[in-house]
Trainee: 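Before anything else, here's the structure in question.
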Amino acid sequence: MTSYIDPSPANFEAFKSLPRDKPIEMLNLLLYREKANYPRDHEYAAKGWSGKEAYQEYARASGPIFERVGGEIVWRGAFESMVTGPVDARWDDGFVARYPSAGAFFEMIKDPEYQQAVMNRTAALSDSRLIRFEPGAPGGGFA
(Lines give C-alpha, C1' and ligand atoms only; values in the text may rest on other atoms or scores of the structure.)
Protein backbone atom coordinates (compact mmCIF):
# COMPACT_ATOMS: atom_id res chain seq x y z
CA MET A 1 0.00 0.00 0.00
CA THR A 2 1.29 3.44 -0.91
CA SER A 3 0.88 6.07 1.76
CA TYR A 4 0.96 9.82 1.43
CA ILE A 5 2.07 12.10 4.25
CA ASP A 6 3.66 15.03 2.42
CA PRO A 7 2.96 16.35 -1.09
CA SER A 8 5.08 15.09 -3.95
CA PRO A 9 7.18 17.77 -5.65
CA ALA A 10 4.97 17.57 -8.77
CA ASN A 11 1.72 17.89 -6.78
CA PHE A 12 3.09 20.79 -4.77
CA GLU A 13 4.23 22.60 -7.93
CA ALA A 14 0.73 22.16 -9.39
CA PHE A 15 -0.78 23.53 -6.16
CA LYS A 16 1.59 26.51 -6.19
CA SER A 17 0.65 27.32 -9.81
CA LEU A 18 -3.03 27.89 -8.88
CA PRO A 19 -4.33 31.36 -7.95
CA ARG A 20 -3.25 32.52 -4.50
CA ASP A 21 -5.64 35.43 -4.04
CA LYS A 22 -8.97 33.66 -3.58
CA PRO A 23 -10.46 31.52 -0.81
CA ILE A 24 -9.70 27.80 -0.75
CA GLU A 25 -11.04 24.83 1.16
CA MET A 26 -8.79 21.89 1.96
CA LEU A 27 -10.23 18.42 2.54
CA ASN A 28 -8.03 16.56 5.04
CA LEU A 29 -8.34 12.78 5.44
CA LEU A 30 -6.26 11.27 8.24
CA LEU A 31 -5.18 7.74 9.12
CA TYR A 32 -3.20 7.64 12.36
CA ARG A 33 -0.31 5.35 13.16
CA GLU A 34 -0.92 3.04 16.09
CA LYS A 35 2.21 4.52 17.69
CA ALA A 36 3.70 7.87 16.68
CA ASN A 37 6.94 7.55 14.70
CA TYR A 38 9.33 10.28 15.84
CA PRO A 39 13.06 10.32 15.07
CA ARG A 40 14.94 8.85 18.03
CA ASP A 41 16.50 12.18 18.95
CA HIS A 42 13.19 14.10 18.91
CA GLU A 43 12.07 15.49 22.27
CA TYR A 44 8.75 13.56 22.04
CA ALA A 45 10.21 10.21 20.93
CA ALA A 46 10.17 8.74 24.45
CA LYS A 47 6.60 9.82 25.24
CA GLY A 48 5.08 6.67 23.73
CA TRP A 49 2.27 8.66 22.12
CA SER A 50 -0.26 7.15 19.77
CA GLY A 51 -0.55 8.67 16.32
CA LYS A 52 -3.72 10.45 17.41
CA GLU A 53 -1.93 11.97 20.43
CA ALA A 54 0.90 13.19 18.18
CA TYR A 55 -1.67 14.72 15.81
CA GLN A 56 -3.32 16.45 18.76
CA GLU A 57 0.07 17.96 19.62
CA TYR A 58 0.39 19.12 15.99
CA ALA A 59 -3.06 20.73 16.27
CA ARG A 60 -2.18 22.39 19.59
CA ALA A 61 1.09 23.82 18.25
CA SER A 62 -0.12 24.82 14.78
CA GLY A 63 -3.63 26.00 15.72
CA PRO A 64 -2.66 29.56 16.69
CA ILE A 65 -0.80 29.98 13.39
CA PHE A 66 -3.76 28.54 11.45
CA GLU A 67 -6.09 31.01 13.19
CA ARG A 68 -3.68 33.94 12.75
CA VAL A 69 -3.70 33.51 8.95
CA GLY A 70 -7.52 33.40 8.99
CA GLY A 71 -8.02 29.64 8.78
CA GLU A 72 -11.14 27.99 10.16
CA ILE A 73 -12.51 24.45 10.31
CA VAL A 74 -15.86 24.41 8.48
CA TRP A 75 -16.61 20.68 8.79
CA ARG A 76 -15.18 17.75 10.74
CA GLY A 77 -16.20 14.13 11.11
CA ALA A 78 -15.13 10.66 12.19
CA PHE A 79 -15.01 7.89 9.58
CA GLU A 80 -17.80 5.32 9.70
CA SER A 81 -17.94 3.43 6.39
CA MET A 82 -16.56 3.42 2.84
CA VAL A 83 -19.59 3.71 0.55
CA THR A 84 -17.79 4.25 -2.76
CA GLY A 85 -14.15 3.27 -2.95
CA PRO A 86 -11.86 0.41 -2.01
CA VAL A 87 -13.55 -1.85 0.54
CA ASP A 88 -10.42 -1.98 2.69
CA ALA A 89 -9.80 1.78 2.67
CA ARG A 90 -10.57 3.73 5.81
CA TRP A 91 -9.79 7.01 7.52
CA ASP A 92 -9.78 7.87 11.20
CA ASP A 93 -10.79 11.50 10.89
CA GLY A 94 -11.60 14.07 8.25
CA PHE A 95 -12.13 17.80 8.17
CA VAL A 96 -12.38 20.74 5.80
CA ALA A 97 -10.18 23.75 6.54
CA ARG A 98 -11.09 27.05 4.92
CA TYR A 99 -8.45 29.70 4.23
CA PRO A 100 -9.17 33.26 3.13
CA SER A 101 -6.69 32.67 0.30
CA ALA A 102 -4.11 30.18 -0.86
CA GLY A 103 -1.61 32.88 0.08
CA ALA A 104 -2.74 32.52 3.71
CA PHE A 105 -2.06 28.77 3.49
CA PHE A 106 1.47 29.50 2.20
CA GLU A 107 1.99 32.04 4.98
CA MET A 108 1.09 29.32 7.50
CA ILE A 109 3.38 26.63 6.10
CA LYS A 110 6.32 29.05 5.86
CA ASP A 111 5.99 30.10 9.51
CA PRO A 112 9.02 28.78 11.50
CA GLU A 113 6.80 27.67 14.41
CA TYR A 114 4.53 25.80 12.01
CA GLN A 115 7.54 24.10 10.43
CA GLN A 116 8.54 22.82 13.88
CA ALA A 117 4.98 21.68 14.65
CA VAL A 118 4.59 19.75 11.39
CA MET A 119 7.02 17.10 12.69
CA ASN A 120 4.17 15.96 14.94
CA ARG A 121 1.88 15.54 11.91
CA THR A 122 4.53 13.48 10.13
CA ALA A 123 5.03 11.29 13.22
CA ALA A 124 1.27 10.89 13.69
CA LEU A 125 0.07 9.75 10.29
CA SER A 126 0.39 6.50 8.38
CA ASP A 127 -1.59 7.95 5.45
CA SER A 128 -3.40 11.14 4.55
CA ARG A 129 -4.96 13.13 1.75
CA LEU A 130 -4.96 16.89 1.39
CA ILE A 131 -7.19 18.06 -1.46
CA ARG A 132 -7.71 21.67 -2.50
CA PHE A 133 -11.17 22.84 -3.57
CA GLU A 134 -12.51 26.15 -4.78
CA PRO A 135 -15.43 26.95 -2.47
CA GLY A 136 -18.85 26.81 -4.07
CA ALA A 137 -22.24 28.07 -2.96
CA PRO A 138 -23.91 25.84 -0.33
CA GLY A 139 -27.42 24.47 -0.68
CA GLY A 140 -29.39 23.51 -3.72
CA GLY A 141 -29.07 20.28 -5.64
CA PHE A 142 -26.13 18.16 -6.69
CA ALA A 143 -25.29 20.09 -9.84
Trainee: Supply the members, apart from Y55, of the Ile/Leu/Val/Met/Phe/Trp/Tyr cluster built from side-chain contacts under 4.5 Å; use none for a lone residue.
Mentor: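 Under the 4.5 Å side-chain rule, Y55 groups with I5, F12, F15, I24, M26, L30, Y32, Y58, I65, F66, V69, I73, F95, Y99, F105, F106, M108, I109, Y114, V118, L125, L130.
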Trainee: Heavy atoms only: give me the nearest A124-A54 pair and the separation to one decimal.
Mentor: CB-CB, 3.7 Å
Trainee: Which residues pass the side chain to side chain contact (heavy atoms under 4.5 Å, CB included) test with Q56, sequence neighbours left out?
Mentor: K52, E53
Trainee: Of all the heavy-atom pairs spanning R33 and S126, show the shortest one and how long it is.
Mentor: CG-N, 3.6 Å
Trainee: For residues 35-47, which side-chain N or O atoms pair as donor and acceptor with protein atoms under 3.5 Å away, sequence neighbours left out?
Mentor:
residue	atom	partner	partner atom	Å
Y38	OH	N120	OD1	2.6
H42	ND1	Y44	N	3.0
Y44	OH	E57	OE2	3.2

Trainee: Using a cut-off of 6.0 Å, state whether more than 12 heavy atoms not belonging to E113 lie near its atom CD.
Mentor: no
Trainee: Checking R129 side chain against L27 main chain: does a donor-acceptor pair fall under 3.5 Å?
Mentor: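 No, R129 side chain to L27 backbone: no donor-acceptor pair under 3.5 Å.
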Trainee: Tell me the closest heavy-atom pair linking P100 and G71, and the distance in Å.
Mentor: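 Scanning both residues completely, I find the closest heavy atoms to be CD-N, 4.2 Å.
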Trainee: If you draw a 6.0 Å radius around CD in E72, do more than 12 non-hydrogen atoms from other residues or ligands fall strictly inside?
Mentor: yes
Trainee: Under the side chain to side chain contact (heavy atoms under 4.5 Å, CB included) test, which residues partner S101, sequence neighbours left out?
Mentor: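 For S101 the side chain to side chain contact (heavy atoms under 4.5 Å, CB included) partners, ignoring immediate neighbours, are A104.
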Trainee: With a 4.5 Å limit on heavy-atom distance, are the side chains of D6 and R121 in contact?
Mentor: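 SC-SC contact between D6 and R121 confirmed.
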Trainee: Could you identify which residues cluster with F142, counting Ile, Leu, Val, Met, Phe, Trp and Tyr as linked when any side-chain heavy atoms lie under 4.5 Å apart, either directly or through a chain of such contacts?
Mentor: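 Listed partners: none, F142 stands alone.
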Trainee: If I take atom CG from residue L31 and atom CG from residue D127, how far apart are they, to the nearest 0.5 angstrom?
Mentor: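 L31 atom CG to D127 atom CG measures 6.0 Å (nearest 0.5 Å).
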Trainee: Taking side-chain hydrogen bond (donor to acceptor under 3.5 Å, both in side chains) as the test, write out the residues that go with S62, two or more places apart.
Mentor: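 With sequence neighbours excluded, S62 shows a side-chain hydrogen bond (donor to acceptor under 3.5 Å, both in side chains) to no residue whatsoever.
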